[in-house]
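Note that the structure is predicted; figures quoted are calculated from it, not measured.
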Amino acid sequence: MRRTIRLMWVRRIVISGRRWFGDSVGADSLSHLDAHGRASMVDVSAKQESVRTARASARVVLGADVLRELTRHAHPRPEDADRLVSKAKGDVFTVAQIAGIQAAKQTHALIPLCHAVPIDQVALDFELLHDECAVRISSKVVTGSAKTGVEMEALTAVSVAALTVYDMCKAVNKGIRIEAIRLEEKSGGRTGVYTALEEN
């Protein structure tokens, strides 16, 4: 009985999907679902290799206590004023940066239907927002010879970097929030340039 009900729901979802997206996968459809609503890895064999870039961002709301603790151990040099240095776990930004780079390179192992993409550059920047007691993390990923984009790599980079910041600061505040993870822009490939709208 349960199997029958489950199959009915699956059939209903597939029919609904066809109503919205059509029987074939197109430019504006869910590309990882086939005509029957099943998960499917996109075939990129016919695509041309090209330079592709993507930028993503995330915000980590630390709280006043974490910000105070971190800046208390900051480097004394003026040029290092915005670096977060934890006496217990080392340079927070550096560790998070390395984590983000590693994650970008392993995106295909983390997200099941992502392709393994040859990555030529991963860059992460950290901006300390004193008024918001937060850190804004930005990533840029570039590939010069891929048949698919690197949006997921850019998003994975900021996500794992943000999780690393949380891990290194959770002893002071377990209520740290990770939020506003989004794709900022991408270029290259058939769909060309995408730029996110400004936040309201």
Side-chain angles (χ1 to χ4, degrees), residues 17 20-35 38-61 82-84 92-129 132 134-166 177-200:
W20 284 101
F21 304 120
D23 285 333
S24 62
V25 175
D28 298 322
S29 66
L30 298 177
S31 60
H32 286 296
L33 294 181
D34 64 16
R38 296 180 299 227
S40 175
M41 191 172 187
V42 177
D43 182 1
V44 298
S45 59
K47 291 186 175 183
Q48 297 295 317
E49 292 184 353
S50 65
V51 176
R52 300 165 187 264
T53 64
R55 297 177 183 269
S57 66
R59 186 166 59 247
V60 184
V61 182
D82 282 343
R83 293 182 64 199
L84 296 186
V92 174
F93 280 1
T94 298
V95 176
Q97 180 185 39
I98 294 171
I101 292 172
Q102 288 181 330
K105 295 190 296 182
Q106 294 297 319
T107 299
H108 66 281
L110 299 171
I111 311 296
L113 300 180
C114 278
H115 295 81
V117 177
I119 295 176
D120 294 313
Q121 181 192 24
V122 182
L124 283 97
D125 292 319
F126 299 80
E127 179 185 2
L128 192 57
L129 308 174
E132 302 175 29
V135 175
R136 186 177 189 272
I137 305 173
S138 303
S139 70
K140 177 185 178 182
V141 179
V142 180
T143 177
S145 57
K147 294 184 176 183
T148 187
V150 287
E151 296 95 312
M152 292 307 301
E153 284 73 12
L155 288 162
T156 299
V158 295
S159 298
V160 173
L163 286 169
T164 303
V165 172
Y166 180 95
R177 300 194 314 276
I178 297 172
E179 58 187 31
I181 298 173
R182 71 171 190 170
L183 180 69
E184 295 289 347
E185 64 180 45
K186 58 84 62 178
S187 64
R190 179 178 53 80
T191 58
V193 177
Y194 163 84
T195 302
L197 298 176
E198 291 293 330
E199 294 181 348
N200 295 327

Exercise for review: May I ask you to decide if Gly192's main-chain N or O and Lys186's side chain share a donor-acceptor pair within less than 3.5 Å?
Suggested key: yes
Check your understanding: For the side chain of Asp125 and the backbone of Ser138, is there at least one donor-acceptor N/O pair under 3.5 Å apart?
Key -> no
Exercise for review: Could you tell me whether the side chain of Ser57 and the main chain of Ile137 form a donor-acceptor pair under 3.5 Å?
Suggested key: no
Review point. Is the backbone of Ala154 close enough, under 3.5 Å, to the side chain of Ser139 for a donor and an acceptor to pair up by distance?
Key: yes
Review point. Is it true that Glu184 and Arg136 make a salt bridge, defined as a side-chain N closer than 4.0 Å to a carboxylate O?
Key: yes
Exercise for review: Answer whether the closest heavy-atom distance between the side chains of Glu179 and Val61 falls below 4.5 Å.
Suggested key: yes
Revision key, fill the gap. When every non-hydrogen atom of Leu197 is compared with those of Arg182, the smallest separation belongs to O-NH1, 3.0 Å
**Study point:** Closest approach of Ile111 to Met152 (non-hydrogen atoms, all atoms of both residues)
**Key:** CG1-CE, 4.3 Å
Check your understanding: Rounded to the nearest 0.5 Å, what separation is found between the CD atom of Glu185 and the NZ atom of Lys140?
Key -> 8.5 Å
Check your understanding: Taking the side chain as C-beta and beyond, is there a heavy-atom pair between Gln121 and Ile119 under 4.5 Å?
Key -> no
Study note, to complete from the structure: Shortest non-hydrogen pair, Ala99 vs Thr164, comes out as CB-OG1, 3.2 Å
Review point. Does the side-chain contact (heavy atoms from CB on, under 4.5 Å) test come out yes or no for Leu129 and Val135, once each step is laid out?
Key: CA-CA 6 Å; Leu129 308 174; Val135 175; over 6 Å; no
Review point. Val165 and Ala96: which non-hydrogen atoms are nearest, and at how many Å?
Key: CG2-CB, 3.8 Å
Check your understanding: Going through the checks in order, is the side-chain hydrogen bond (donor to acceptor under 3.5 Å, both in side chains) test met by Ser187 and Thr53?
Key -> CA-CA 5 Å; Ser187 64; Thr53 64; 2.5 Å; yes
Check your understanding: Is any side-chain heavy atom of Phe93 less than 4.5 Å from a side-chain heavy atom of Leu124?
Key -> no
Check your understanding: How close do Ala103 and Leu110 get, heavy atom to heavy atom, and via which atoms?
Key -> O-CD1, 4.3 Å
Check your understanding: How about Val60 and Tyr166: do any of their side-chain heavy atoms sit closer than 4.5 Å?
Key -> no
Review point. In chain order, what residues pass the side chain to side chain donor-acceptor pair (under 3.5 Å) check against Gln106, with sequence neighbours excluded?
Key: none
Check your understanding: Any side-chain heavy atom of His108 sitting closer than 4.5 Å to one from Val117?
Key -> no
Point to revise | Student check: side-chain heavy atoms of Val51 and Thr143 closer than 4.5 Å | key: no
Exercise for review: With rounding to the nearest 0.5 Å, note down the distance linking OG1 in Thr195 to CG in Leu183.
Suggested key: 9.0 Å
Review point. Under 4.5 Å between any side-chain heavy atoms of Arg59 and Glu132, yes or no?
Key: yes
